[in-house]
Amino acid sequence: MAEPKVNELMEKIVSLCKRRGFIYQSSEIYGGINGFWDYGPLGAELKRNVKDAWWRTMVHHRDDVVGLEATIIMHPQIWRASGHVDTFADMMRECPMTKKRVRADQVEPQSGIAYTFLGAIYNVNMSAALEALDEYVNEYPLTSKSALNKTVLNHRIYDLLKRDFPELRRDELVTEAACLTDVLQREIHIEAFEILLPRGKPPESAQLAAQHYYSVRMGTPTLPKVIGGASAKVEASTDYHPESGVRLGPPRPFNLMLQTWVGPIQSDENVAYLRPETAQAIFAQFKNVLETSRQKVPFGIAQVGKAFRNEVTPRNFTFRSREFEQMELEFFIKPDEAVEAISGSVTPAAELDSRPSPLDTSSWGWEAWHKYWVEQRIQFYESIGLPRKDFVEYWQKPDELAHYARATVDILYKFPFSKRDEKGELMGEELEGIAARSDFDLSQHARFSGKPMGVFDEDLRTAWGKLDDAKKQTLWQRYYENRKRYLTKTARPDETPEKIEKAAKEDADGLAKGQYIPHVIEPSAGVDRLILALLCNAYTEVRTPDDKGKAETRVVMKFHPRIAPNKVGVFPLLKNKPELVKKAQEVRDLLRPHLTVFYDDAGAIGRRYARQDEAGTPFGVTIDFDTLGEKPELLDTVTLRERDTMQQTRVRIADLAAMLLEKVR
RNA sequence: GCGGGCGUAGCUCAAUGGUAGAGUUCCAGUCUUCCAAACUGGCCACGCGGGUUCGAUUCCCGUCGCCCGCUCCA
């Protein structure tokens with residue numbers, strides 16, 4: 001029942017975004033381009049504030065995270081190592097009749113009788129031509145791939161014409177035969193069509209389906225005559241569409257990577273990809289950052305930037321766009337075996353309280369760090385005004401995990417367009433994924449680039465020497481098993497089990513010498529999705545009766561002051577009094593170095609408040625005649641109006657900047 | 001990509017095979033006082049392309065975009 005309202009709400013938000021200059025459609029004057037969006041003046045400020053807040057929280061306020069800004073286009077090998085070129089290319093098969101697509105590996109097996117048609121003829125009623133075609137088909141059975149051999153057919157028709165019309169001259173026969181061949185070529189459509197019918201269904205329905213299929217393909221208004229119709233029993237085949245029964249087309253890669261060419265020549269050799277995520281650059285530059293930042297594991301590398309995916313269906317306003325921005329952290333940690341060697345044991349994640357604090361993290365394994373980052377991220381969202389109750393923390397089930405992940409938590413936000421569960425609760429859409437990716441990524445890049453990605457850990461080497469032999473053996477064995485599992489899973493054909501075993505042993509021996517490939521926890525958030533969540537969360541309708549008692553709906557964007565595009569509006573009560581305007585401009589100039597200020601002197605004061613409410617400006621400052629000293633005790637004071645409560649307080653201009661800064665921090 | 005619906009000022013909604021209209025927003029002005037006040041004046045539209053027609057915003061075709069389903073994810 002709430003369904004239509006939900007869409008209404010989303011439409012109102014979209015409309016406000018455009019009206020007030022938060023978000024516009026990209027290239028709108030040319031009709032727009034699907035899946036691309038621009039941020040207007042208010043949107044650009046909002047987005048900057050959000051990214052700044054993230055950067056401050058993740059990088060500036062910590063000792064153990066540093067930043068990186070990498071290019072969007074990188075060496076194409078990166079995307080082979082990461083698996084994107086392959087895994088982003090699901091094999092899809094298409095039903096040629098309904099154009100519905102299915103994943104090639106997820107077709108339900110079908111049984112029944114398959115009817116195979118070879119093509120269709122439309123409108124030809126020249127006996128010689130048709131007879132020639134029949135003969136031709138008998139001699140060269142048409143298949144899905146064969147085309148009509150025009151020369152052979154032409155000769156056949158010539159012979160038949162000669163038989164039936166002996167009186168014609170040779171040149172007349174040649175012309176006539178050529179003409180008929182042309183007509184036949186034009187009016188015949190050779191294309192295999194196969195449909196699977198459940199046992200017991202009459203063969204006519206197969207024929208009818210074929211006629212409809214060809215009639216659409218040939219663009220003819222009436223049903224054509226079909227060629228072929230042979231039937232065969234089929235058992236448990238995955239080649240037919242479960243709904244239509246039509247034989248599926250060949251599996252085709254369905255690639256979500258956006259491509260370009262580097263250099264002026266567009267050839268296969270210089271294909272490059274626009275990054276589908278910012279993370280891979282962090283892995284690729286891991287060694288450089290490690291060596292130049294004076295960081296030691298555990299530490300993180302953060303990056304904010306654009307990413308691109310050729311989405312099948314961009315939907316839900318900016319939620320799924322083809323060009324979008326990410327805020328990603330790769331937090332590198334020691335493998336659990338190293339933690340155990342150094343600290344004696346690994347703190348079980350369950351023992352950490354609900355808000356782990358990083359006072360002593362030396363005994364934290366990947367589960368503890370994972371839990372820690374999930375909590376950190378939710379606290380961040382709370383700090384910019386999104387209430388915890390609007391989130392769903394979704395722990396992916398083992399069968400949903402990506403091949404590289406040990407655990408992934410999706411932080412879902414309950415958008416108005418989210419689907420509802422059986423109880424009618426919004427299920428939420430993913431804002432951020434926090435994956436424990438083991439040492440997969442660094443290992444992949446080590447293998448693909450041939451450059452070592454391991455680190456040397458002095459603490460580990462020292463600690464290892466003090467372990468008893470049993471402990472050494474246990475840890476060695478566990479590390480060895482993990483490495484072997486990874487190497488087996490990603491093995492190339494030339495990597496035999498013996499080779500893999502040897503490599504895994506070397507890795508485990510390395511651990512004993514203080515060397516390992518760091519594991520990683522990856523909190524990866526979508527900026528544009530977060531902006532959308534903030535817009536949805538801020539959108540509030542306030543119903544107030546106007547002077548004439550008529551109910552009026554005002555929209556207030558209740559952004560957290562920390563991220564609001566404009567922090568304060570400055571208004572002279574009246575525009576036509578130069579002394580008020582002058583004073584208001586002084587206040588504006590006083591505040592401007594500290595905060596984003598919006599100065600507005602147009603229209604009635606109530607209207608200006610309302611305008612700022614829609615823009616989400618948390619505070620308004622109004623300069624009146626008392627400010628100028630009409631009541632001497634109020635000289636140099638202004639009205640400070642709060643957006644959400646509409647409450648007004650009298651404040652000294654001298655106190656204004658400090659007071660507001662306090663509130664927007 | 002497929003199927004269904006939609007497309008007229010920034011917004012809400014009219015009318016019409018022959019000059020496209022209102023409210024609101026916006027802009028300018030009048031106003032000594034705080035929540036879209038009043039008054040005066042002003043700007044702005046038939047998504048794009050093609051066809052039928054003397055003439056198309058209207059009829060037809062195509063295209064683009066938006067919304068809803070199928071698919072996917074940060």
Side-chain angles (χ1 to χ4, degrees), chain A residues 3-4 6-8 10-12 14-16 18-21 24-35 88 90 92 94-95 97-103 106 243 254 256 276-279 307-321 324-328 402 410-412 417 429-435 522-530 532 542 544 546-548 550 552-556 571-577 579-580 602-614 620-628 630-631 638-639 641 643 646-648:
Chain A
E3 290 309 309
V6 160
N7 300 330
E8 225 172 83
M10 216 41 227
E11 270 168 39
K12 280 180 184 171
V14 172
S15 150
L16 175 100
K18 189 184 171 189
R19 189 171 77 239
R20 287 263 91 118
Y24 314 121
Q25 202 179 10
S26 167
S27 324
E28 195 190 68
I29 59 166
Y30 290 101
I33 173 163
N34 201 354
F88 260 38
D90 287 333
M92 303 286 281
E94 193 177 82
C95 165
M97 187 153 79
T98 59
K99 300 288 180 202
K100 281 192 176 172
R101 289 204 186 94
V102 288
R103 283 269 295 275
Q106 289 176 2
E243 284 164 37
F254 207 69
L256 264 49
E277 62 171 33
T278 59
F308 304 80
R309 292 183 191 183
N310 229 336
E311 291 294 341
V312 186
T313 314
R315 247 335 130 75
N316 287 328
F317 197 26
T318 58
F319 185 79
R320 178 170 299 128
S321 304
F324 59 102
E325 198 154 5
Q326 291 183 309
M327 305 183 290
E328 293 196 294
D410 291 335
I411 297 183
L412 314 180
F417 53 78
E429 306 289 330
E430 189 178 349
L431 266 198
E432 170 157 357
I434 301 157
E522 178 195 83
S524 164
V527 183
D528 310 271
R529 289 182 170 191
L530 177 51
L532 189 56
V542 181
T544 42
D546 66 5
D547 294 350
K548 293 163 200 139
K550 190 174 65 177
E552 218 176 34
T553 305
R554 291 184 310 118
V555 172
V556 183
F571 320 116
L573 192 60
L574 291 168
K575 187 187 185 178
N576 61 342
K577 293 289 176 279
E579 35 325 345
L580 277 182
I605 188 69
R607 181 174 298 270
R608 281 176 273 166
Y609 285 147
R611 269 200 288 252
Q612 290 308 307
D613 284 348
E614 274 198 340
V621 166
T622 304
I623 287 78
D624 60 13
F625 289 96
D626 291 337
T627 312
L628 303 175
E630 202 156 274
K631 286 190 197 123
V638 292
T639 308
R641 179 234 190 214
R643 177 194 64 202
M646 302 207 306
Q647 265 166 10
Q648 303 188 338

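Convention: sequence-line order gives letters A, B, ...; per-chain numbering from 1.
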Participant: Under a 4.0 Å threshold between the charged nitrogen and the carboxylate oxygen, would A/K631 count as salt-bridged to A/D626?
Facilitator: yes
Participant: Checking only heavy atoms, does the side chain of A/R529 share a donor-acceptor pair with the base of B/C73 at less than 3.5 Å?
Facilitator: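 Between B/C73 and A/R529, which were checked side chain against base, a qualifying N/O pair under 3.5 Å is present.
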Participant: Can A/R19 and A/E614 be counted as an ion pair, charged N to O under 4.0 angstrom?
Facilitator: yes
Participant: Between A/M646 and A/V14, who's closer to the 5' end of RNA chain B by nearest nucleotide?
Facilitator: A/M646
Participant: Would you classify A/T622 as touching base, sugar-phosphate or nothing, given that sugar-phosphate means primed atoms plus P, OP1 and OP2, and contacts are heavy atoms under 4.0 Å?
Facilitator: base
Participant: Counting side-chain heavy atoms from CB outward, which of B/C72, B/U32, B/C35 is closest to A/R320?
Facilitator: B/C72
Participant: Answer yes or no as to whether B/A74 has its base stacked against A/F324, where stacking requires a ring-centre separation under 5.5 angstrom and planes under 30 degrees apart.
Facilitator: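 So yes, this residue stacks on that base, both cut-offs being met.
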Participant: With rounding to the closest Å, how many angstrom separate the P atoms on B/A20 and B/C27?
Facilitator: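 To the nearest whole Å, 27 Å.
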Participant: Does A/D624 get its side chain close enough to the base of B/C34, under 3.5 Å, for a donor-acceptor pair?
Facilitator: yes
Participant: Taking the six-membered ring of A/F324, is NZ or CZ of A/R529 closer than 6.0 Å to its centre and within 45° of its axis?
Facilitator: no
Participant: Tell me every residue that passes side-chain contact (heavy atoms from CB on, under 4.5 Å) with A/T639, counting only those two or more places apart in sequence or in another chain.
Facilitator: A/T622, A/D624, A/Q648, A/R650
Participant: Looking for any heavy atom pair under 4.0 Å, which part of the strands does A/Q612 touch: base, sugar-phosphate only, or nothing?
Facilitator: nothing
Participant: Mind checking if A/F319 touches a base, just sugar-phosphate, or nothing, with heavy atoms under 4.0 Å?
Facilitator: base
Participant: If you assign each of A/D528 and A/R641 to its closest nucleotide in RNA chain B, which residue comes earlier from the 5' end?
Facilitator: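 Nearer the 5' end of the strand: A/R641.
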Participant: Roughly, in whole Å, what's the span from CG in A/L628 to P in B/U32?
Facilitator: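 Going from A/L628 (CG) to B/U32 (P), I get 14 Å.
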Participant: Check whether the ring centres of A/F417 and A/F317 lie less than 6.0 Å apart, and answer yes or no.
Facilitator: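 Between A/F317 and A/F417, which both carry aromatic rings, the centre distance is not below 6.0 Å.
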Participant: Under the salt bridge (charged side-chain N to carboxylate O under 4.0 Å, His left out) rule, collect the residues that match up with A/E328, sequence neighbours excluded.
Facilitator: none
Participant: Can you tabulate the close N/O pairs, meaning under 3.5 Å, that link protein atoms to atoms of nucleotides 3-13 of chain B?
Facilitator:
none

Participant: Under 3.5 Å, is there any donor-acceptor pair linking the side chain of A/E614 to the base of B/A36?
Facilitator: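 Yes, a donor-acceptor pair under 3.5 Å.
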Participant: Which part of the nucleic acid, if any, lies within contact of A/E325, taking any heavy atom under 4.0 Å across all strands shown: a base, the sugar-phosphate backbone alone, or nothing?
Facilitator: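 Since no nucleic acid heavy atom lies under 4.0 Å of A/E325, the category is nothing.
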Participant: Rounded to whole Å, how long is the line connecting atom CZ of A/F308 with atom C1' of B/C73?
Facilitator: 17 Å
Participant: To the nearest Å, how far apart are A/L574 CG and B/G29 C1'?
Facilitator: 14 Å
Participant: For the side chain of A/L573, counting heavy atoms from C-beta on, which of B/A37, B/A28, B/C34 is nearest?
Facilitator: B/C34
Participant: Taking atom P of B/C67 as reference, at what distance in whole Å does atom CE of A/M10 sit?
Facilitator: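 In whole Å, B/C67 P and A/M10 CE are 9 Å from each other.
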Participant: Assess whether side-chain contact (heavy atoms from CB on, under 4.5 Å) is satisfied between A/F571 and A/I623, documenting all intermediate values.
Facilitator: CA-CA 6 Å; A/F571 320 116; A/I623 287 78; over 6 Å; no
Participant: Heavy atoms under 4.0 Å, any strand shown: does A/N576 hit a base, just sugar-phosphate, or nothing?
Facilitator: base
Participant: What nucleic acid atoms does A/E432 come within less than 4.0 Å of, heavy atoms only: base, sugar-phosphate, or nothing?
Facilitator: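 Since only primed, P, OP1 and OP2 atoms lie under 4.0 Å of A/E432, the category is sugar-phosphate.
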Participant: Using the C1' atom on both, measure B/A28 against B/U53 and round to a whole Å.
Facilitator: 44 Å
Participant: Please measure how far the P atom in B/C59 lies from the corresponding atom in B/U8, and state the result in whole Å.
Facilitator: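 Pairwise P distance, B/C59 against B/U8, rounds to 14 Å.
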Participant: Find the distance A/F417:CZ to B/G69:P and express it as a whole number of Å.
Facilitator: 11 Å
Participant: For A/T278, answer base if it contacts any base atom (sugar-phosphate contacts may also be present), sugar-phosphate if it contacts only those atoms, and nothing otherwise; contact means non-hydrogen atoms under 4.0 Å.
Facilitator: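 Nothing, no nucleic acid heavy atom in range.
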Participant: What does A/K575 touch in the nucleic acid at a heavy-atom separation under 4.0 angstrom: a base, only the sugar-phosphate, or nothing?
Facilitator: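 Result for A/K575 = sugar-phosphate.
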